[in-house]
Chemist: 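Quick one: this structure, given as structure tokens, is what I'll be asking you about.
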Number of protein chains: 2
Amino acid sequence: MADYDHPASESLTLLGVLRGLADPIRLEIVQHLGSVPEASCAALLGDRPRSSMSHHFQVLRESGLLHTRIQGVQHFNSLRKADLDERFPGLMEAILAG
Amino acid sequence: MADYDHPASESLTLLGVLRGLADPIRLEIVQHLGSVPEASCAALLGDRPRSSMSHHFQVLRESGLLHTRIQGVQHFNSLRKADLDERFPGLMEAILAG
DNA sequence: GATATTGTTCGATCAAAATCGAATTAAACC
DNA sequence: GGTTTAATTCGATTTTGATCGAACAATATC
């Protein structure tokens with residue numbers, strides 16, 4: 001499968017990031033990824049429908065919060081912490097502390 | 001007119017605050033209030049309909065971002081910076097820098 | 001009291017986003 | 001090739017939120 005294209009860090013907007021975070025499921029995903037280097041979609045699934053989660057992963061990717069690395073059949077997600085820190089200093093630290 | 005009741009700082013949630021910020025008009029209001037001690041609704045109005053702005057002020061109040069002080073016929077709005085800093089350290093600094 | 005000013009509330013409409021089952025893609029493995 | 005596993009895409013539905021005119025409330029001023 002082809003790789004996803006992730007937005008460049010320069011093109012990230014604060015509003016976009018805030019929109020990405022403004023959902024309970026996505027905030028939970030982000031906070032979970034703050035404490036682990038990466039996690040497969042399955043590992044983040046819980047008992048929710050896969051198609052719903054796929055939607056949230058897409059939103060998180062498009063807002064620049066998440067990077068998805070494809071390895072075989074698995075998709076490994078990680079926080080784009082370095083990019084976010086560079087672009088919005090202090091933001092993720094505050095989010096992950098919450 | 002009776003005062004508004006603002007949520008106690010202990011009852012603020014990160015998700016609630018993020019939802020409050022996840023709108024272009026509200027983010028603009030918040031960022032503007034970051035650089036000024038307080039501002040009346042009229043001062044923040046721009047050329048938008050009053051009823052739309054009233055809605056956004058309400059959302060901002062309910063999420064704990066904004067405090068509204070009533071003086072005569074005017075409503076003076078201010079950022080609840082101290083409460084937000086106490087509850088979510090570093091968050092507003094990152095938002096206001098953006 | 002009449003009028004102007006400031007801002008809210010109501011209610012209807014519109015737009016955006018979440019939800020999720022079913023079908024699909026893609027890799028891995030036998 | 002057939003099957004299992006991981007995750008997405010499609011499409012329909014539902015839910016949530018934004019928008020904004022009209023009516024209203026409250027204060028100030030003449």
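A note on names: the letters A, B, ... follow the listed sequences, proteins ahead of strands, and every chain is numbered from 1. All values below come from the heavy atoms of this structure, side chains included, with hydrogens, waters and symmetry mates left out.
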Chemist: What is the distance, to the nearest angstrom, from the CZ atom on A:R19 to the C1' atom on D:dA18?
Modeler: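 One finds 11 Å between C1' of D:dA18 and CZ of A:R19, rounded.
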Chemist: Side chain of A:S51: nearest nucleotide among D:dT19, D:dT9, D:dA6?
Modeler: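 The listed nucleotide nearest to A:S51's side chain is D:dT9.
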Chemist: From the options C:dA18, D:dT27, C:dT8, select the nucleotide whose nearest atom is closest to the side chain of A:D23.
Modeler: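 Among the listed nucleotides, the one closest to the side chain of A:D23 is C:dA18.
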Chemist: Would you please indicate yes or no on a ring centroid separation below 6.0 angstrom for B:H75 and B:F57?
Modeler: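 When the ring centroids of B:F57 and B:H75 are compared, they turn out to be at least 6.0 Å apart.
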Chemist: When you measure from the side chain of A:V59, which nucleotide among D:dT27, D:dA7, C:dA18 comes out closest?
Modeler: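 It is C:dA18.
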Chemist: Hey, quick one: are A:L84 and A:F76 part of the same hydrophobic cluster, counting side-chain heavy atoms closer than 4.5 Å, chains of contacts allowed?
Modeler: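 The answer is no; the residues belong to distinct hydrophobic clusters.
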Chemist: What is the distance, to the nearest angstrom, from the CD atom on A:E62 to the C1' atom on C:dA16?
Modeler: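 My rounded result for the distance is 14 Å.
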Chemist: Would you please confirm or rule out a distance under 4.0 Å between OP1 or OP2 of C:dT8 and any side-chain N or O of B:H75?
Modeler: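 It does, given that an N or O in the side chain of B:H75 lies less than 4.0 Å from OP1 or OP2 of C:dT8.
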Chemist: Can you tell me the distance, in whole Å, between the CG atom of B:L15 and the P atom of D:dG17?
Modeler: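 Result: 10 Å.
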Chemist: Would you indicate which nucleotide in C:dT5, C:dG7, D:dT8 comes nearest to any side-chain atom of B:R50?
Modeler: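 Given the options C:dT5, C:dG7, D:dT8, the side chain of B:R50 is closest to C:dG7.
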Chemist: Tell me what B:F76 touches on the nucleic acid: a base, only sugar-phosphate, or nothing, going by heavy atoms under 4.0 Å.
Modeler: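 Contact class for B:F76: none.
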Chemist: To the side chain of A:P49, which of C:dG7, C:dC20, D:dT9 is closest?
Modeler: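 Within the option list, the nearest is C:dC20.
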Chemist: Starting the side chain at C-beta, find the nucleotide from C:dT8, D:dT8, D:dA7 nearest to B:C41.
Modeler: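 Per side-chain heavy atoms of B:C41, the pick is C:dT8.
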Chemist: Between C1' on C:dG7 and CD on B:Q58, what's the gap in Å once rounded to a whole number?
Modeler: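 Nearest whole value for this atom pair: 12 Å.
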Chemist: Within this structure, what is the NE2-to-C1' distance between A:H55 and C:dC20, rounded to whole angstrom?
Modeler: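 Atom-to-atom, A:H55 to C:dC20, this comes out as 11 Å.
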Chemist: With clusters defined by side-chain heavy atoms of hydrophobic residues (ILVMFWY) lying less than 4.5 Å apart, directly or transitively, does A:L66 cluster with B:L14?
Modeler: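 B:L14 clusters together with A:L66.
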Chemist: Might you work through the side-chain hydrogen bond (donor to acceptor under 3.5 Å, both in side chains) test for A:H56 and A:R26, ending with a clear yes or no?
Modeler: CA-CA 6 Å; A:H56 289 302; A:R26 291 198 296 266; 3.1 Å; yes
Chemist: Answer yes or no: is there a side-chain heavy-atom contact under 4.5 Å between A:D83 and A:H67?
Modeler: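 Sidechains of A:H67 and A:D83: no contact.
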Chemist: Does a side-chain N or O of A:R26 approach OP1 or OP2 of C:dA18 to a distance below 4.0 Å, or not?
Modeler: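 Looking at the OP1 and OP2 atoms of C:dA18, one of them is under 4.0 Å from a side-chain N or O of A:R26.
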Chemist: May I have the distance from A:L44 (atom CG) to D:dA7 (atom P), rounded to whole angstrom?
Modeler: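 Answer to the nearest Å: 9 Å.
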Chemist: Within this structure, what is the CG-to-C1' distance between A:L27 and C:dA17, rounded to whole angstrom?
Modeler: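 Answer to the nearest Å: 17 Å.
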Chemist: May I have the distance from A:R48 (atom CZ) to C:dT19 (atom P), rounded to whole angstrom?
Modeler: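 After rounding, the reported distance stands at 8 Å.
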Chemist: Closer to the 5' end of DNA chain D via nearest nucleotide, is it A:Q74 or A:S52?
Modeler: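 On the 5' side of the pair lies A:Q74.
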Chemist: Side chain of B:I25, heavy atoms from C-beta onward: which of D:dA7, D:dT27, D:dT19 has the nearest atom to it?
Modeler: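 Nearest to the side-chain atoms of B:I25, counting from C-beta on, is D:dT19.
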